[in-house]
Amino acid sequence: MVDCNNFYASCERVFDPRLEGRPVVVLSNNDGCVIARSNEAKALGIAMGEPAYKREGFFAKNGVYVFSSNYALYGDMSARVMRILAGFAAETEVYSIDECFLLLRGLSTASLMQTAREIRRTVRQWTGIPVCVGIARTKTLAKVANRLAKKESGDGVRLLEDDKDIDSVLQNLQTGDVWGIGRRIARYLLACGVRTALDLKGRDDDWVRRHLTVTGLRTVLELRQIPCIALEDAPTPARSLVCSRSFGTRIESLASLEEAVLAYVQRAGEKLRRKGLVAGAVQVFLETNRFQPEPQYAGSRCRALPVPTASTLDLHGPALEILRDIHKPGYKYQKAGVILLDLCPASGRQLSFLEPRDEEKKRRDRLMRVMDRINTVYGRGALTLAASGLGKKEWHMRQERRSPRYTTSWNELPIAR
């Protein structure tokens, strides 16, 4: 298991060397809560999920650098790291934006440690991102080893191989910190007298299967160094796709809501086409801010499409109709979103008698390909539907402290002095 250290904060540091050794935090959408912290920020006692507005004075007093989330930068840096890791193993599984499993076969203990150190050196040299590496015979133990590599290892590498060493580690690990054991299950295990990962490892198989199902049994077997969770070399096909945002300011105007929903439809359509999928239904939702002392409303509705499609031109009409149906005047809306449902591969879907004429379908497909190509080369939003708004968009997220998109925008390339 290779895990990038404090990934969002590390991405900010790559292009701004003055941040090295300084406390750095990254905020969620609309600059709401802390979602990433450097080690220096953690040492100051800044907690995950803290509302940023409550800590503004603390940040200023302690010299904390605060950034809005810059997902274009983080996504691109993640892709670069994952490409490097793919060069070290034929079989990999990208587990999250900053984590990846690698399957290393037929290597001695010395070779494993050497490879792990080479991974850390290469990723750091080629991208500037620091990583830690945890090595074990199972994915669950590799996650444990990675945790130790971050907290205890001086060189960022930890191998769990010896039974005594593993038992010593599991004896000091709470069940809630085991990969695959959630908070609810951890509370249940605690009530059953199972306090540590070592306690869980020693439980009888029948007891585990009866209380934690087969999924829990796989986790227990993995703690015993018996591989039960294979690498997923191909992600599970998605059944739905969501595109939604909280607004930078609360919106009352239906026209502004229509612009926002159409922008989300366009983004969702881009994701569909990139994945080679089509959608059979579209859902739109609206909601107010439930934390404000004012009238509340939440509306949602779904509509099946006559023909599964990935064309933005075919999706935006039904989405607008739903929005107008669920919209109620007099409310201040905080969030809207689009959910595409009943996804299936574009090449293997069930055909319909309602299919558009071949020439019309080909024309729309060509138009979508051109739009996607232009937005890939010149940046997202270079070519959009006019209905998604041409002027200032009051519904845009608040990102007052966003750093430049150094690697994905020609206008924001880093400047060397």
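We're numbering straight along the sequence, starting at 1.
- Between R22 and D16 no salt bridge is recorded (no basic side-chain N to carboxylate O distance below 4.0 Å).
- T175 contributes atom OG1, which lies 10.0 Å from atom CZ of R195 (distance to the nearest 0.5 angstrom).
- Ring geometry for Y406 versus F15: interplanar angle under 30°, hence parallel rather than tilted (30 to 60°).
- The minimum heavy-atom distance between A268 and L340, with the atom names listed, is CB-CD1, 3.7 Å.
- Checking side-chain atoms of N30 against main-chain N and O of S246 turns up a donor-acceptor pair under 3.5 Å.
- Side chain of E222 to main chain of C228: a donor-acceptor pair is present (N/O by atom type, distance under 3.5 Å, no hydrogens or angles).
- The shortest distance between side-chain heavy atoms of I129 and V14 falls below 4.5 Å.
- For Q114, the CD atom sits in a loose shell: 12 or fewer heavy atoms of surrounding residues, nucleotides or ligands are nearer than 6.0 Å.
- Checking R218 against T140 by side-chain atom types alone, no donor-acceptor pair falls below 3.5 Å.
- Atom CZ of R369 and atom OG1 of T376 lie 13.5 Å apart (nearest 0.5 Å).
- Taking the six-membered ring where tryptophan is involved, the planes of Y71 and Y8 are perpendicular, since the angle between them exceeds 60° and thus also 30°.
- A donor-acceptor pair is defined here as one N or O able to donate and one able to accept, closer than 3.5 Å; no such pair exists between the side chain of R301 and the backbone of Q283.
- Side-chain contact annotation: E161 with T109, donor-acceptor N/O pair under 3.5 Å present.
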* Asked: Should Y65 and E12 be marked as a side-chain contact (heavy atoms from CB on, under 4.5 Å) after you check the CA-CA gap, both sets of side-chain angles, and the distance that decides it?
  -> CA-CA 10 Å; Y65 288 82; E12 299 292 352; over 6 Å; no
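- Using modelled atom types, no side-chain atom of D98 and backbone atom of N6 make a donor-acceptor pair closer than 3.5 Å.
- Remark: side-chain polar atoms of R250 are not paired, donor with acceptor, to backbone N or O of Q334 under 3.5 angstrom.
- Each of R267, R273, K271 was scored for a salt bridge (charged side-chain N to carboxylate O under 4.0 Å, His left out) with D372, with one residue passing: R273.
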* Going through the checks in order, is the side chain to side chain donor-acceptor pair (under 3.5 Å) test met by N70 and S403? -> CA-CA 7 Å; N70 187 346; S403 58; 3.0 Å; yes
* To do: Check step by step if side chain to side chain donor-acceptor pair (under 3.5 Å) holds for D31 and S68.
  => CA-CA 6 Å; D31 297 344; S68 302; 2.6 Å; yes
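- Taken from CG in L19 to OG in S10, the straight-line distance is 10.5 Å, to the nearest 0.5 Å.
- Formation of a donor-acceptor pair under 3.5 Å by the N62 side chain with backbone atoms of V64 is not found in this model.
- A donor and an acceptor atom, one from each side chain of T407 and D76, are located under 3.5 Å apart.
- Considering only heavy atoms from C-beta on, V278 stays 4.5 Å or farther from T309 through its side chain.
- Note that OG of S38 is 11.5 Å distant from CG of N5, once rounded to the nearest 0.5 Å.
- In this structure the side chain of L313 reaches within 4.5 angstrom of the side chain of L385, judged on heavy atoms.
- In this structure a side-chain-to-backbone donor-acceptor pair under 3.5 Å is missing from R105 to A90.
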* Asked: Would L305 and L315 count as a side-chain contact (heavy atoms from CB on, under 4.5 Å) if you check the C-alpha gap in whole Å, the side-chain angles of each, and the deciding distance to 0.1 Å?
  -> CA-CA 8 Å; L305 300 171; L315 294 168; 3.7 Å; yes
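- Between L200 and I181 the shortest side-chain heavy-atom distance falls below 4.5 Å.
- One distance of note links CG of L102 with CG of L85; it measures 5.5 Å at 0.5 Å rounding.
- L320 has its side chain within reach of E258: a pair of non-hydrogen atoms, C-beta onward, lies under 4.5 Å apart.
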* Checking side-chain contact (heavy atoms from CB on, under 4.5 Å) for the pair I135/L160: CA distance, chi angles, key distance, verdict? -> CA-CA 6 Å; I135 310 170; L160 284 179; over 6 Å; no
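- Judged by distance alone, with hydrogens and angles left aside, the side-chain atoms of E20 form no donor-acceptor pair with the main-chain N or O of P17 at under 3.5 Å.
- Salt bridge D167/K201: present, at least one basic N to carboxylate O contact under 4.0 Å.
- Residues S168 and D165 have side chains that never bring a donor and an acceptor to within less than 3.5 angstrom of each other.
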* Given R117 and V133, is the side-chain contact (heavy atoms from CB on, under 4.5 Å) satisfied, shown in steps? -> CA-CA 8 Å; R117 295 188 180 102; V133 184; over 6 Å; no
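- Looking at R203 and V220, their side chains never come closer than 4.5 Å, going by heavy atoms from C-beta outward.
- Atom CZ of residue R55 and atom CD1 of residue I46 lie 6.0 Å apart, to the nearest 0.5 angstrom.
- In this structure, L241 and L277 have side chains that are not in contact, with every pair of non-hydrogen atoms separated by 4.5 Å or more.
- Side-chain contact annotation: Q225 with D163, donor-acceptor N/O pair under 3.5 Å present.
- No more than 12 heavy atoms of other residues, nucleotides or ligands lie within 6.0 Å of CH2 in W126, so this atom counts as exposed by the packing criterion.
- Counting heavy atoms from C-beta on, the side chains of M1 and W179 never come closer than 4.5 Å.
- Side-chain atoms of K139 come within 3.5 Å of backbone N or O of A230 as a donor-acceptor pair.
- Classification of R402 and E412 as a salt-bridged pair holds, one side-chain N sitting under 4.0 Å from a carboxylate O.
- P23 approaches G63 most closely through the heavy-atom pair CG-O, 3.7 Å.
- Put simply, the side chain of H211 never gets that close to the backbone of V208: no donor and acceptor are under 3.5 Å apart.
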